[in-house]
There are 2 protein chains.
Amino acid sequence: MSVSSFDPRATPTGAYRPGRIRDENLNTIMSAAAAEFVQHGYRGASIQRIADRAGLPKANVHYYFPRKTHLYQSVLKEIVALWNSELDELQVDDDPAQALARFIRSKVRLSFLHPTASKLFALEIISGAPNLQAYLSGELREWVAARAGVVQAWIDAGRMRPVDPLQLIVSIWATTQHYADFDEQVLKLMGKRRYDAAAMEQIADFLTDLILTGCGLEPPVS
Amino acid sequence: MSVSSFDPRATPTGAYRPGRIRDENLNTIMSAAAAEFVQHGYRGASIQRIADRAGLPKANVHYYFPRKTHLYQSVLKEIVALWNSELDELQVDDDPAQALARFIRSKVRLSFLHPTASKLFALEIISGAPNLQAYLSGELREWVAARAGVVQAWIDAGRMRPVDPLQLIVSIWATTQHYADFDEQVLKLMGKRRYDAAAMEQIADFLTDLILTGCGLEPPVS
DNA sequence: GTCTATATCCGGATAGAC
DNA sequence: GTCTATCCGGATATAGAC
């Protein structure tokens, strides 16, 4: 989405760089679009409202994204890239407790940092994942199979209780993403208006404790 | 949605009962609508397609539900009623392990039996719960507070490990509902086309084992 | 209670001036 | 690169015959 940092045209301040306005507009539009898609769904989302959120005239949105589909798919693609970027955890040599704790915290962090992204991804899957079929049975499946293999190796070596590795990974996703996707519900139940740093810590601690204990591991003191 | 079983007009076979056609049509339309809403969102859902799914002409749908909003809210209301119907678990006198295991299995069962209902509820919450504000901070909040109290009592009596009772309930919801809401993703990862009875058992067993162990309880043999 | 025909509106997309 | 005006398809909703 942003030009290479080695772009010779770049200036120290970032001002006057050709394409800079374009990049900024693209980012603004895509953020606005994500929020709109989450609130109204793909069909229900209106280009006019996306433009309003972005503070631009409607025709400008059409200038950057001639078709609504292109806009949606760009947003989705960016989210998948974001998800993949934090996906490289769990090695066989790692200490199971340390590695799982790190994995859980990384997922919690991602959810709290990018709730809108998490929600849009959830909406896409719940609606039948019409745009993510290839990703689900390709990249993601590979990644999960590999990590499940690591967990299985830990179990075979007697380093943790025998639990279904695939379901363990799924459950970690389910719980961590839930706090982003269902924030409207969870916050009401917690009697808060929004998550603060303390709540985030509390939740990360809780999940680490519950899941690691469930795996017969000693939760590392954070 | 259905007339009282003591309706004097009812016949043993159920045929020719006044209002019977009406009830059947209402059910058909509402099921069709739920599926359509899940796939396309509220705005994106088309009355024409709902009618097609129900095998009725479009004007018939308008006859029973003059406004699209009425239809959506009826469906949502029915789902909330369904959810509430299985909500009365967890008593202080219960054995914690037994009670929690029963609670988890009941939620798993509900998710697998009514995946579309679960998905529509999820969509509503993720989109900001515009139609469920009262429910979330009313009924549901009360119920959760009461159950959290029960769990806390168990903890105080030393009958289970100290874990945050509210987060425990939230996590049980998160994991159980995830299998219905994200079935598209989970099934691809499991390499299945749809859940069978064995998979459902496997998942219920896994969750019971993980969570109860996480609470320092001995999972009851099922 | 069922269905056809139609009024009305809204949103995506385009053309073309600036 | 920005913006105004407009076209046109599609969706909700209604009127009224059967």
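Letters A, B, ... mirror the listed sequences (proteins, then strands); counts begin at 1.
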Between dG1(D) atom C1' and Ile29(A) atom CD1, what is the distance in whole Å? 12 Å
Output one letter per nucleotide in nucleotides 12-18 of chain C: B when a protein non-hydrogen atom lies under 4.0 Å from the base, S when only the sugar-phosphate is that close, - when neither is. BBB----
Do any pairs count as a salt bridge (charged side-chain N to carboxylate O under 4.0 Å, His left out) and have a residue in residues 128-148 of chain A, sequence neighbours left out, and if so which ones? Asp88(A)-Arg147(A)
ring-ring contact (aromatic ring centres under 6.0 Å, His included) partners for Tyr179(A), two or more places apart: none
How long is the line joining CG of Leu56(B) and C1' of dT2(C), in whole Å? 10 Å
Between CG of Asp52(B) and C1' of dC3(C) the distance, given in whole Å, is 14 Å
Kindly state each residue pair satisfying ring pair (Phe, Tyr, Trp, His ring centres under 6.0 Å) with at least one member in residues 43-69 of chain A, sequence neighbours excluded. none
Answer yes or no: does a side-chain N or O of Asn25(B) lie under 4.0 Å from OP1 or OP2 of dT2(C)? yes
Residues passing the salt bridge (charged side-chain N to carboxylate O under 4.0 Å, His left out) test with Lys107(A), sequence neighbours excluded, are none
Can you tell me which residue pairs pass the salt bridge (charged side-chain N to carboxylate O under 4.0 Å, His left out) test with a partner in residues 61-75 of chain B, sequence neighbours excluded? none
Rounded to whole angstroms, how far apart are CG on Leu71(B) and C1' on dA11(D)? 15 Å
Distance-only polar pair, side chains of Tyr42(B) and Ser127(B), donor-acceptor under 3.5 Å: no
Do the side-chain N or O atoms of Tyr64(A) get closer than 4.0 angstrom to the phosphate oxygens (OP1, OP2) of dT2(D)? yes
Whether Asn60(A) contacts dC3(D) is assessed here as follows: a side-chain N or O lying under 4.0 Å from the phosphate OP1 or OP2. Is that the case? yes
